[in-house]
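The first residue of the sequence shown is numbered 1, and numbering continues consecutively from there.
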Amino acid sequence: MNAFVDEATCIGCGLCCEACPEVFCLREDGKAEAVRPAVESEQEQVQAAIDGCPVAAIRWLE
């Protein structure tokens with residue numbers, strides 16, 4: 001499944017990168033991005049990043 005980070009909303013706190021570093025990273029500009037789709041075993045970690053994002057900048061793409 002694909003996660004999406006809204007770069008206009010992201011504050012670059014890095015929580016998503018800590019929750020699932022295989023899917024999320026911080027770009028040079030300090031904003032987070034999803035660098036690849038989550039495999040089934042990572043979906044719980046990505047959901048934790050979505051739930052924990054302080055500005056609700058992350059969501060699943062349908």
Side-chain angles (χ1 to χ4, degrees):
M1 292 183 70
N2 290 321
F4 172 77
V5 179
D6 180 356
E7 66 181 55
T9 305
C10 178
I11 59 171
C13 73
L15 182 137
C16 56
C17 302
E18 291 175 22
C20 193
E22 299 82 10
V23 173
F24 299 103
C25 74
L26 288 178
R27 302 185 315 212
E28 288 183 21
D29 66 358
K31 302 287 184 161
E33 72 175 329
V35 294
R36 67 168 177 77
V39 296
E40 188 173 334
S41 63
E42 297 165 339
Q43 290 179 10
E44 190 173 305
Q45 293 168 300
V46 172
Q47 188 62 52
I50 291 170
D51 295 342
C53 180
V55 293
I58 310 167
R59 67 179 189 273
W60 289 112
L61 289 177
E62 299 296 324

### Pairs meeting criterion salt bridge (charged side-chain N to carboxylate O under 4.0 Å, His left out) with involvement of residues 41-61, two or more places apart
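For residues 41-61, and leaving out neighbouring residues, the salt bridge (charged side-chain N to carboxylate O under 4.0 Å, His left out) pairs sorted by first residue read Arg36-Glu42.
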
### Query
Quick one: salt bridge (charged side-chain N to carboxylate O under 4.0 Å, His left out) pairs with a partner in residues 21-32, sequence neighbours left out?
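Checked against salt bridge (charged side-chain N to carboxylate O under 4.0 Å, His left out) - neighbours excluded - the pairs reaching residues 21-32 are Glu7-Arg27, Arg27-Asp29.
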
Closest approach of [X] to [Y] (non-hydrogen atoms, all atoms of both residues):
X: Pro37; Y: Val23; answer: O-CG2, 4.4 Å
X: Ile58; Y: Cys53; answer: CD1-CB, 4.1 Å
X: Val5; Y: Ala34; answer: CG2-N, 4.0 Å
X: Val35; Y: Cys25; answer: CG1-SG, 3.2 Å

### Query
Does Val46 reach the side chain of Phe24, with side-chain heavy atoms less than 4.5 Å apart?
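Heavy-atom side-chain distance check passes, below 4.5 Å.
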
#### Entry: Heavy-atom side-chain contact between Pro54 and Ile11 under 4.5 Å
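Contact flag for Pro54/Ile11 side chains = yes.
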
### Message
As an exercise, state the distance from CD1 of Ile50 to CD of Gln45, rounded to the nearest 0.5 Å.
### Response
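Going from CD1 on Ile50 over to CD on Gln45, the span is 12.0 Å.
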
### Message
Quick check for you: to the nearest 0.5 Å, what is the distance between Cys10 atom SG and Leu26 atom CG?
### Response
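Going from the SG atom of Cys10 to the CG atom of Leu26 covers 7.0 Å.
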
### Task
Please check if any side-chain donor atom of Gln43 sits under 3.5 Å from a side-chain acceptor atom of Trp60, or the reverse.
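Trp60 and Gln43 do not have a side-chain donor-acceptor pair below 3.5 Å.
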
